[in-house]
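Here is the structure we will look at, set down as structure tokens.
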Amino acid sequence: MKKILIVGATSAMAEACARLWAQQGDHLFLAARNAQQLQSLAADLQTRGATKVGTRVFDANQHDQHAALLAEATQTLGGLDTVLIAHGTLTDQDRAQHDVPYALAEIGTNGLSVVALLTLVANQLEQQGRGAIAVISSVAGDRGRQSNYVYGSAKAMVSAFTSGLRQRLAKKGVHVVTVKPGFVDTPMTAHLPKGPLWAKPEQVAKDISQAIDKGRRIVYTPGFWQLIMLIIKTIPEFVFIKLKL
């Protein structure tokens, strides 16, 4: 039985993870901005088998709330051994190119707030000498592309931060999983046309859960994105700048 904190719990991928863990009888603490959605999700998870479900209305951009969230989750669950950080927004690239405050706010939500929260989570799990942290980054962070480089730069920050954190915590009994989804069919991407490269949240959730259980380090989901991004990363810059990606 795990004792799991899920940040951004009402996102589609996080909800799918929570349902898997509820079916295993795990203890869950859910943090998200929308109180009504939180309560609805908590009730659903209890019917699916979660032995304990706590909730807290939480805005990750309010960094002064991070310590209180960890304290409440730990107390409610009677400990804490697993943390999934899944909050984020999908940046409007065109707006970000012309609206500096908006661009910085998006980097704050998708990058800086994750770094701030991870710092506290890492210290707590390091002190207890065990645990797992899974962080949803993105394939968009592997190489900046004109279509989403503001969002991608924030995710690149997350990927680099978790890489260093993983190296630091490996010696302390804590393992860190960097999750890199490709295109996922969620309410956040409902306005985008879908194709064969798109995955369902349930598939991503299964990959995340298995990565935590097996101690994997970097997970592309679905797995074919690892090859796609390897190809994209190896394209010479003089060729890359001419592509419409």
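Excluded from the calculations below are hydrogen atoms, water molecules and symmetry mates; all remaining heavy atoms, backbone and side chain alike, are included. Starting from 1, each residue takes its place in the sequence as its number.
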Please indicate whether Q167 has more than 12 foreign heavy atoms, meaning atoms of other residues, nucleotides or ligands, lying under 6.0 Å from its CD.
->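 Atom CD in Q167 is not packed in, count stays at 12 or less.
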Got more than 12 heavy atoms from elsewhere within 6.0 Å of CD, E72?
->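 Yes - once you tally the heavy atoms of other residues, nucleotides and ligands closer than 6.0 Å, there are more than 12.
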Taking [X] for the side chain and [Y] for the main chain, is one N or O donor matched with an acceptor at less than 3.5 Å?
X    : Y    : answer
S209 : A205 : no
S113 : H63  : no
Q128 : R130 : yes
N110 : E106 : yes
K233 : I228 : no
T162 : V158 : yes
K194 : L192 : yes
H66  : A60  : yes

Flag this pair as yes if the NZ/CZ of R143 is under 6.0 angstrom from the six-membered ring centre of F240 and inside a 45 degree cone about the axis; otherwise no.
-> yes
Just to verify, what does [X] make a side-chain hydrogen bond (donor to acceptor under 3.5 Å, both in side chains) with, not counting sequence neighbours?
X    : value
Q24  : D26
S153 : none
N34  : none

Distance only, no hydrogens: is a donor on one side chain within 3.5 Å (strictly under) of an acceptor on the other, for [X] and [Y]?
X    : Y    : answer
Q124 : T74  : yes
T55  : Q39  : yes
R166 : T178 : yes
Q93  : Q97  : yes
D92  : Y151 : no

Do R19 and E15 meet the salt-bridge criterion of a basic N to acidic O distance under 4.0 Å?
->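 Here E15 pairs with R19 in a salt bridge, since their nearest N and O are under 4.0 Å apart.
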Lys/Arg N to Asp/Glu carboxylate O, D81 vs K2, below 4.0 Å |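 Between K2 and D81 there is no salt bridge, as every charged N stays at least 4.0 Å from the carboxylate O atoms.
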Do H87 and F58 have ring centres separated by under 6.0 Å?
->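 Ring centroids of H87 and F58 are no less than 6.0 Å from each other.
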What's the shortest heavy-atom distance between Q146 and L245, and which atoms?
->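 Distance-wise, the nearest heavy atoms are CG-O, 3.2 Å.
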